[in-house]
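Naming convention: chains lettered A, B, ... in sequence-line order (proteins, then strands); numbering from 1 in each chain.
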2 protein chains.
Amino acid sequence: MNLKELSRRLGLSQTTVSRALNGYPEVSEKTRRRVAEYAERLNYQPNPNATRLATGKSNTIGHVIPLSGHDMINPHFSDFIAGAGEVYNRRGYDMLISVVNAAEQSMTYKTFHRNKRVDGVIVHSPTIDDDRIAMLNRMRIPFVVHGRTGDPEDSYSWVDVDNADAFQKATRYLLELGHRRIALINGLEPMTFAARRREGYEAALVGFGLKPDKGLVGSAEMIEPNGHKWMGRLLDSPAPPTAVLCSSILTTMGAMRLLRERGLTPGRDMSIVGYDDRLSFLPSSGEDKALTAVRSGIRLAGSHCADMLIDQIEGKTGNRHLLLEAEFVIGNSTGPAPRN
Amino acid sequence: MNLKELSRRLGLSQTTVSRALNGYPEVSEKTRRRVAEYAERLNYQPNPNATRLATGKSNTIGHVIPLSGHDMINPHFSDFIAGAGEVYNRRGYDMLISVVNAAEQSMTYKTFHRNKRVDGVIVHSPTIDDDRIAMLNRMRIPFVVHGRTGDPEDSYSWVDVDNADAFQKATRYLLELGHRRIALINGLEPMTFAARRREGYEAALVGFGLKPDKGLVGSAEMIEPNGHKWMGRLLDSPAPPTAVLCSSILTTMGAMRLLRERGLTPGRDMSIVGYDDRLSFLPSSGEDKALTAVRSGIRLAGSHCADMLIDQIEGKTGNRHLLLEAEFVIGNSTGPAPRN
DNA sequence: TTGTAAGCGTTATCAA
DNA sequence: TTGATAACGCTTACAA
């Protein structure tokens with residue numbers, strides 16, 4: 001059933017039917033009702049490919065996902081799209097995902113735009129020196145960044161967690177417990193979120209009169225095995241830390257695993273503060289009190305990004321910014337620093 | 001730059017240019033080369049919306065992802081799409097993901113098809129009594145199932161792991177170690193893969209002259225907290241098992257966590273066999289020997305599904321089937337059953 | 001308030 | 001081997 005056929009049956013022109021269906025004001029209420037009823041009964045649905053060709057609008061949001069070196073997709077991603085996907089569904093948008101090699105990334109954005117495949121994109125994993133912001137602004141394609149870059153903050157829309165603040169608070173908490181050698185198992189530091197976490201961590205140390213020690217900071221992709229590896233390195237170093245901050249729940253798990261292997265007890269032999277993205281498949285911090293953690297749900301961030309982007313696409317707003325505050329949950333993985 | 005403009009500059013008709021670009025045989029080599037060269041130089045790319053409208057082909061694969069009760073996306077999903085996405089990218093397809101409520105699911109498939117949004121779909125999480133197979137066959141939309149349903153196996157294409165065999169072997173291994181009370185922490189049993197795992201498990205028991213005990217089987221969504229919960233229930237039951245099979249690496253982790261809390265050592269106080277989907281963010285079984293596991297990469301399954309579906313769409317094949325065999329990796333989480 | 005007709009950028013049919 | 005021209009199914013000036 002297409003427009004032509006539908007309007008033939010109604011004895012109206014395609015124009016009128018199209019207008020009635022799309023809520024144009026100049027259609028009489030009576031006609032509109034009759035059209036709506038017929039469309040419903042005959043189960044008419046416009047062909048989106050035709051609509052897109054005619055309007056240039058795709059009702060689709062693009063996500064470009066680079067396969068990082070290890071050929072893996074960021075494990076936090078599935079929760080992000082759960083949040084975003086729900087919003088897309090509710091607001092009538094499709095989600096187009098393009099898995100690409102890192103090198104093809106910017107080309108993919110260009111192609112998306114030029115071909116009118118998407119009305120807007122979500123930018124994932126921004127780096128400090130990220131050329132995508134300028135590029136997307138140049139192309140005038142609506143976008144929202146999940147996180148921030150080094151660009152001026154009002155030059156683009158973003159949804160971010162106050163990472164610096166969160167890690168500063170967490171570090172201060174450890175300092176107040178008496179810890180002086182505090183390590184950080186961070187994400188990859190070209191990523192802005194990781195850089196900011198380090199800033200917060202160092203600011204707390206400096207504020208306490210301590211000098212940050214590079215030997216106490218690790219940086220790696222945030223997967224379980226890396227938490228394990230870094231915890232081992234830290235313990236084996238000449239002057240091991242008494243407390244560790246982890247940038248992800250996955251590295252936290254890896255670090256915990258290593259402590260177990262060494263027979264060490266979290267909170268007593270080593271204090272650990274994790275970062276809990278509230279991944280839906282893992283236990284939530286705060287429930288069993290096992291973990292002291294900075295907490296902020298990534299799924300929520302996904303839905304905020306989606307709403308913000310669609311508002312922008314539909315011309316409801318200009319650039320917007322949302323800075324979420326992370327919670328700090330105290331559990332049993334932290335405790336006072338050992339004497340001497 | 002569009003076809004019209006390009007052909008004007010070439011002094012050729014749109015028809016010829018289109019034919020040259022699409023590899024039709026009736027174009028002279030000379031013309032073809034000239035056209036190709038111009039297209040390249042002027043950076044021409046056909047507008048896919050126009051192509052789709054004209055051809056009815058979308059070069060897009062759909063994935064319908066129902067949000068299950070807990071509003072979460074299957075955590076194994078991100079690895080699956082890493083595998084599939086790479087193939088799509090290589091073979092020129094887009095991935096369209098629709099996150100829907102469980103109730104909207106079949107409607108979404110219908111809409112996808114009717115509107116020519118996708119050329120085919122991947123069916124996730126098939127159940128034994130799954131109405132999607134009949135529906136998709138009726139709609140004549142190409143599809144590949146990741147897993148199998150209760151339908152005749154040659155009535156659709158699928159990629160699956162031999163779950164029954166894998167769990168039969170794993171159970172037999174435990175039996176040979178002397179275990180007699182062997183539990184299974186399974187996935188949701190309406191899902192075919194879970195039902196088959198249970199079948200394999202029970203077949204091994206029966207083959208050994210034992211009677212399956214319903215009290216030793218748990219069934220729940222395969223996330224960490226459920227492994228933890230079920231391990232606890234099993235230990236607290238009147239006659240606890242001496243060995244446990246887990247249907248997922250996540251429930252395995254949860255079960256291990258509970259053992260630790262109770263001060264029990266895997267492989268000595270309780271034998272555990274896990275299922276390792278080789279999720280990219282977790283340690284791989286077999287590396288540190290911590291876990292005895294049935295192993296089959298979900299990412300590989302994703303790429304197989306994608307290739308099979310595209311072959312089908314492009315008319316290269318009819319229904320096909322691929323049964324992958326899981327590996328069995330022996331680690332330290334299993335050991336002889338305790339005496340008496 | 002409704003209708004006519006052009007346009008969106010391709011591919012496909014038919015004729016030359 | 002090439003070219004006119006009609007689809008594909010919608011939206012949108014412009015006219016009535």
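- We find that CG of A:Asn2 is positioned 6 Å from C1' of D:dG9, with the value rounded to whole Å.
- Remark: B:Arg140 CZ is loosely packed, at most 12 non-hydrogen atoms of other residues, nucleotides or ligands lying under 6.0 Å away.
- Computed from coordinates, the A:Glu26 CD to C:dG3 P distance equals 12 Å when rounded to whole Å.
- Rounded to whole Å, atom P of D:dC10 lies 11 Å from atom CD of A:Glu5.
- The nearest pair of heavy atoms linking A:Asn59 to A:Gly92 is OD1-O, 3.2 Å.
- Taking the six-membered ring wherever Trp is involved, the centroid distance between the rings of B:Phe281 and A:His76 does not fall below 6.0 Å.
- One atom, CZ of A:Arg52, and another, C1' of C:dG9, lie 14 Å apart when rounded to the nearest Å.
- Regarding A:Arg32, its CZ atom lies at a distance of 13 Å from the C1' atom of C:dT2, rounded to whole Å.
- Going from atom CG of B:Leu10 over to atom P of D:dG3 covers 10 Å, rounded to whole Å.
- Atom CG of B:Leu6 and atom P of C:dG9 are 14 Å apart (whole Å).
- Side-chain proximity of B:Asn47 to the nucleotides C:dT10, D:dG9, C:dT1 is greatest for C:dT10.
- Classification of the B:Phe77-B:His63 ring pair by plane angle, with boundaries at 30° and 60°, yields perpendicular.
- Helix bend of the helix from C:dT1-D:dA16 to C:dA16-D:dT1: the angle between its two end axes, each built from five pairs, comes to 40° after rounding to 10°.
- Ionic pairing of A:Arg33 and A:Glu37 is not present here: no N-O contact between side-chain nitrogen and carboxylate oxygen is shorter than 4.0 angstrom.
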B/S/- along nucleotides 11-16 of chain D (protein heavy atoms under 4.0 Å) is BBBB--
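- Shown here is A:Asn43, whose CG atom has more than 12 heavy atoms of other residues, nucleotides or ligands within 6.0 Å.
- In this structure, B:Arg91 is not positioned above the aromatic face of B:Tyr93 in the sense of NZ or CZ being under 6.0 Å from the six-membered ring centre and within 45° of the axis.
- A:Arg320 approaches A:Thr317 most closely through the heavy-atom pair NH1-CG2, 3.6 Å.
- No more than 12 heavy-atom neighbours from other residues, nucleotides or ligands sit within 6.0 angstrom of NZ on A:Lys4.
- Distances from the side chain of B:Thr31 to the nucleotides C:dC8, D:dC8, D:dT1 place D:dT1 closest.
- Following rounding to the nearest Å, B:Lys4 (NZ) and D:dA6 (P) show an atom-to-atom distance of 14 Å.
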